[in-house]
*Asks:* 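Before I ask anything, let me first share the structure, which is written out below as structure tokens.
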Amino acid sequence: MHTIPEPIAAFHEAVNAADGAAAAALAVSDVEVGGPRGAARGVDLLRGWVERSGIRLTPLAAHHGAGGAVVVTQHATWPGDETVHEIATLFRLSPEQRLTAVIRYDTPAQALAAAGVPVSR
């Protein structure tokens, strides 16, 4: 497990505050945004998702993968669902430490595999 890089920690703060502008300021203009329903690109898409989703994310651990990928395992809750879900998000950062990808997975194993992180058994 590694420390969560600052831009990713700041992203979690922005999401939990539903602050789309703060989240957008952390990303490149063509950031990849994805989840179980598919993926698309664009900082406006990211901004809108952060403002509308209502998701609350508690980061648990960071795992560094191939090509600078960082998988953060998280506890997540959504409006209307009291269950705490364990999910993971795959982040990619540019050399300037801006988000180039934010892709949510339903399970940590899925995200770790996508990032090329070996999963211990």
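If you read the sequence from its start, that first residue is 1, and numbering goes on from there.
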*Asks:* Can you name the side-chain contact (heavy atoms from CB on, under 4.5 Å) partners of Q97, sequence neighbours left out?
*Replies:* P7, L93

*Asks:* Quick check: do I8 and V70 have side-chain heavy atoms less than 4.5 Å from each other?
*Replies:*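 Of all side-chain heavy-atom pairs linking V70 with I8, at least one is under 4.5 Å.
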
*Asks:* Would you mind listing every ring pair (Phe, Tyr, Trp, His ring centres under 6.0 Å) that reaches into residues 24-53, with sequence neighbours excluded?
*Replies:*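 Checked against ring pair (Phe, Tyr, Trp, His ring centres under 6.0 Å) - neighbours excluded - no pair reaches residues 24-53.
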
*Asks:* Please give me the minimum heavy-atom distance between A115 and L90, naming the atom from each residue.
*Replies:* CB-CD1, 3.6 Å

*Asks:* Quick check: does any side chain N or O of T100 sit under 3.5 Å from a backbone N or O of R92, one acting as donor and the other as acceptor?
*Replies:* yes

*Asks:* Just by modelled atom types, is the P36 backbone N or O under 3.5 Å from a matching donor or acceptor in the D106 side chain?
*Replies:* no

*Asks:* List the steps, then state whether side-chain contact (heavy atoms from CB on, under 4.5 Å) holds for V28 with L99.
*Replies:* CA-CA 6 Å; V28 298; L99 299 171; over 6 Å; no

*Asks:* Considering non-hydrogen atoms only, spot the tightest contact between V84 and T77 and give its length.
*Replies:*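 Where V84 meets T77 most closely, the heavy atoms are CG2-CG2, 3.9 Å.
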
*Asks:* Would you please test H85 and Q74 for side-chain hydrogen bond (donor to acceptor under 3.5 Å, both in side chains) and show each step?
*Replies:* CA-CA 8 Å; H85 301 270; Q74 302 147 318; over 6 Å; no

*Asks:* Taking only residues at least two apart or on different chains, which pairs with a member in residues 36-45 satisfy salt bridge (Lys or Arg N to Asp or Glu O under 4.0 Å)?
*Replies:*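 Output for this query lists E32-R41, D44-R47.
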
*Asks:* Under a 4.5 Å cut-off applied to non-hydrogen side-chain atoms, are V72 and L57 in contact?
*Replies:*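 Not in contact.
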
*Asks:* Is there side-chain contact between T73 and H63, with heavy atoms separated by less than 4.5 Å?
*Replies:* yes

*Asks:* For the residue pair Y105 and I87, what are the closest heavy atoms and their distance?
*Replies:*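 Nearest pair, atom of Y105 first, then I87: O-CB, 3.4 Å.
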
*Asks:* Evaluate the side-chain proximity of P108 to V71: yes if any heavy-atom separation is below 4.5 Å, no if none is.
*Replies:* no

*Asks:* Is there a side-chain contact between S53 and R104 in this structure, where contact means two heavy atoms from C-beta onward sitting under 4.5 Å apart?
*Replies:* no

*Asks:* Starting at CD1 of I103, measure out to CD of Q110 and round the result to the nearest 0.5 Å.
*Replies:* 12.5 Å

*Asks:* List in chain and number order the residues that pass side-chain contact (heavy atoms from CB on, under 4.5 Å) with V50, two or more places apart in sequence or in another chain; answer none if no residue qualifies.
*Replies:*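 Per chain and number, V50 pairs via side-chain contact (heavy atoms from CB on, under 4.5 Å) with F11, V15, A23, L46.
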
*Asks:* Tell me every residue that passes ring-ring contact (aromatic ring centres under 6.0 Å, His included) with H75, counting only those two or more places apart in sequence or in another chain.
*Replies:* none

*Asks:* Closest heavy-atom contact between P79 and G54?
*Replies:* CD-O, 3.3 Å

*Asks:* Can you pull out every salt bridge (Lys or Arg N to Asp or Glu O under 4.0 Å) where at least one residue sits in residues 48-67? Sequence neighbours excluded, please.
*Replies:* none

*Asks:* Looking only at non-hydrogen atoms, find the nearest pair between L26 and A10 and report the distance.
*Replies:*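 Heavy atoms only, the tightest pair is CD1-C, 3.7 Å.
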
*Asks:* Can you check whether T89 reaches V102 side chain to side chain, under 4.5 Å on heavy atoms?
*Replies:*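 Yes, their side chains come closer than 4.5 Å.
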
